[in-house]
Protein chains: 2
Amino acid sequence: MAVPSSPPASPLFLREHEVRRGVELLFFGYTRLTRSIDEGLNEHGLGRAHHRALYFIARQPDLTISELLRILAITKQSLGRVLTELGERGLVETRPGVIDRRQKLLRLTEQGKAFEAQLFVALRTSLAAAYAAAGQESVTGFWRVLEGLIPDEDRAMVAALQKDMR
Amino acid sequence: MAVPSSPPASPLFLREHEVRRGVELLFFGYTRLTRSIDEGLNEHGLGRAHHRALYFIARQPDLTISELLRILAITKQSLGRVLTELGERGLVETRPGVIDRRQKLLRLTEQGKAFEAQLFVALRTSLAAAYAAAGQESVTGFWRVLEGLIPDEDRAMVAALQKDMR
DNA sequence: CAAGATACGTCAATATGGCTGTCCCATCTT
DNA sequence: AAGATGGGACAGCCATATTGACGTATCTTG
């Protein structure tokens, strides 16, 4: 795998160090951010999978099971376990769909809202510090690159989440 | 409350939606990027944990076990299993440290290098496309924000990885 | 040199969060 | 009435992580 020291104008090769930098920063950044909520989750005996469900239910009240499945991209069985546990702890409640009574609309209880908000504080603290240190210009770039990592078929779903943000 | 060191308009309390957007984009971007290598890993019966080890050994040949443990932030036992499996498949080899013979210096075999390079193609394809779509300015911002997510005590480690990038 | 610290390995037990496959029920659609 | 869809549930499996304790080789230091 000998690499010439003066590379030709192959854009793919030229980007290697930039790509490695991105891979590494994404790895460390993502894992550190998720670690920031572990303590709060542990207090309730919950894990990150529970947080992901909580988060997206908080984000889109009256989400259905199948919508949540598409967002999380896990199996019905895996999600079932998580939702059962969240229900048992009184953090999530469901009601039958209005239009389609087979559906279950997911919502956070008051307790669930409070807990999600508590976890969100940790996320906000970390991200806000990073945003502040980097500056608004950088934040825009940060978003743009991440958007480019999301495959076309998923982009509508992500955009929908952010649709009704004020 | 006198906080002399922060500017008056310090956006510590960013608008919530900016933080949620970052959380979501990081989640989707990171998970989609990691999924891009699953197929390649599956062909060898390996998982993402194996890739992380492979990746960092590729990045820093002659890495020691304890350095790798610090990077991955997992336990010795977890890493032990991963390295055993990589060794059995002839992807990673070790030799005793030169200065300190208790150490094991980790290296990829030729096979290991080829495999890591193959996986890297998928990462590069995804990230390079995102970089190209976003533009160089954005890439810089992307890096800056992610750097800000890494706690001070880990930053030296990450910087060391990128020290000898050409 | 003896004592202790360090680098690494290993055992056993456990938790978490995924997966597949199969079958079921209620409800909506045609 | 038949079929499609939303959701639940069973059984079993796998990957990846954890803790705690103990062992061995090697380096460092009083």
Side-chain angles (χ1 to χ4, degrees), chain A residues 27 30-31 34-35 37-57 62-89 92-107, chain B residues 27 30-31 34-35 37-57 62-89 92-107:
Chain A
F27 169 69
Y30 181 78
T31 60
T34 59
R35 256 168 224 172
I37 58 167
D38 283 352
E39 199 184 327
L41 285 166
N42 252 330
E43 287 168 17
H44 290 243
L46 298 173
R48 288 178 194 169
H50 302 94
H51 176 249
R52 289 196 286 275
L54 270 182
Y55 180 95
F56 288 109
I57 296 169
D62 285 341
L63 201 67
T64 66
I65 302 275
S66 59
E67 285 167 339
L68 188 51
L69 281 174
R70 246 175 285 128
I71 290 171
L72 298 176
I74 58 176
T75 60
K76 206 166 39 158
Q77 294 72 8
S78 299
L79 180 58
R81 225 181 359 209
V82 167
L83 288 180
T84 300
E85 286 161 358
L86 290 174
E88 282 166 356
R89 279 168 179 75
V92 166
E93 62 188 2
T94 68
R95 46 185 108 177
V98 184
I99 301 166
D100 184 339
R101 286 193 334 244
R102 292 170 304 177
Q103 294 181 330
K104 283 191 169 179
L105 307 184
L106 296 160
R107 273 179 177 274
Chain B
F27 170 68
Y30 181 78
T31 61
T34 59
R35 258 170 221 170
I37 57 167
D38 283 351
E39 200 183 327
L41 285 166
N42 251 332
E43 287 167 17
H44 290 244
L46 297 173
R48 289 179 195 169
H50 302 95
H51 176 249
R52 290 196 286 273
L54 270 181
Y55 181 93
F56 287 109
I57 296 170
D62 286 342
L63 202 66
T64 66
I65 302 276
S66 60
E67 284 167 341
L68 187 50
L69 281 173
R70 245 174 286 130
I71 289 171
L72 298 176
I74 58 175
T75 58
K76 208 169 33 161
Q77 293 73 8
S78 301
L79 180 58
R81 188 181 26 82
V82 168
L83 288 180
T84 300
E85 287 161 0
L86 290 174
E88 281 166 357
R89 279 166 179 76
V92 165
E93 62 187 2
T94 67
R95 47 185 108 177
V98 184
I99 300 166
D100 184 338
R101 289 197 328 248
R102 291 171 305 177
Q103 293 180 331
K104 282 191 170 179
L105 307 185
L106 297 160
R107 271 178 178 276

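Keep in mind the model is a prediction, meaning the values are calculated, not measured. Just so it is clear: chains get the letters A, B, ... in the order the sequence lines come, proteins before strands, and each one is counted from 1.
In this structure, the side chain to side chain donor-acceptor pair (under 3.5 Å) partners of B:H50, at least two apart in sequence or on a different chain, are B:E85. For B:R95, the side-chain contact (heavy atoms from CB on, under 4.5 Å) partners two or more places apart in sequence, or in a different chain, are B:E93, B:L105, B:R107. Partners of A:R48 under the side-chain contact (heavy atoms from CB on, under 4.5 Å) rule, at least two apart in sequence or in another chain, are A:T34, A:R35, A:D38, A:L41, A:R52.
The residue B:R48 sits close only to the backbone: its heavy atoms come under 4.0 Å of sugar-phosphate atoms, none of a base. Residue contacts shown for B:G47 are limited to sugar-phosphate atoms, with no base heavy atom under 4.0 Å away.
In this structure, B:T31 OG1 and A:Y30 OH are separated by 6.5 Å, a value rounded to the nearest 0.5 Å. How far CG of A:L63 is from CD1 of A:I57: 6.5 Å, rounded to the nearest 0.5 Å. Here the straight-line distance linking atom NE2 of B:H51 with atom NE2 of B:H44 works out to 12.0 Å at 0.5 Å rounding. Once rounded to the nearest 0.5 Å, the distance linking NZ of A:K104 with CG of A:L68 reads 13.0 Å. Summarising the geometry, atom CG belonging to B:L72 is positioned 6.0 Å from atom CG belonging to B:L79; distances are rounded to the nearest 0.5 Å.
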If you apply the rule side chain to side chain contact (heavy atoms under 4.5 Å, CB included), what do you find for B:L83 with B:L106, and how did you get there? CA-CA 9 Å; B:L83 288 180; B:L106 297 160; 4.2 Å; yes
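Of all the residues in residues 65-79 of chain B, B:A73, B:I74, B:T75, B:Q77, B:S78 reach under 4.0 Å from DNA chain D with at least one non-hydrogen atom.
Within 6.0 Å of the CD atom in B:E39, the count of heavy atoms belonging to other residues, nucleotides or ligands does not exceed 12.
Each of A:T94 and A:R81 has a nearest nucleotide on DNA chain D; the 5'-most of these lies closest to A:T94. Along DNA chain C, the nucleotide nearest A:V82 and the nucleotide nearest B:T64 are compared for position; the residue whose nucleotide lies closer to the 5' end is B:T64.
What separates NZ of A:K104 from P of C:dC25 is a distance of 16 Å, to the nearest Å. Note: CG (A:L46) to P (C:dA15) measures 15 Å, nearest angstrom. Rounded to a whole Å, the NE2 atom of A:H50 is 14 Å from the P atom of C:dA15.
In summary, contact between chain A and DNA chain D, defined as any nucleotide atom under 4.0 Å from a heavy atom of the protein, begins and ends at D:dA4 to D:dC10 in the 5' to 3' direction.
The closest side-chain heavy-atom distance from A:L46 to A:L86 is below 4.5 Å.
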Would you list the protein and nucleotides 26-29 of chain C atom pairs, both N or O, that sit under 3.5 Å from each other?
unit_1 : atom_1 : unit_2 : atom_2 : d
C:dT27 : O2     : A:R102 : NH1    : 3.2
C:dC28 : OP1    : A:R101 : N      : 2.8

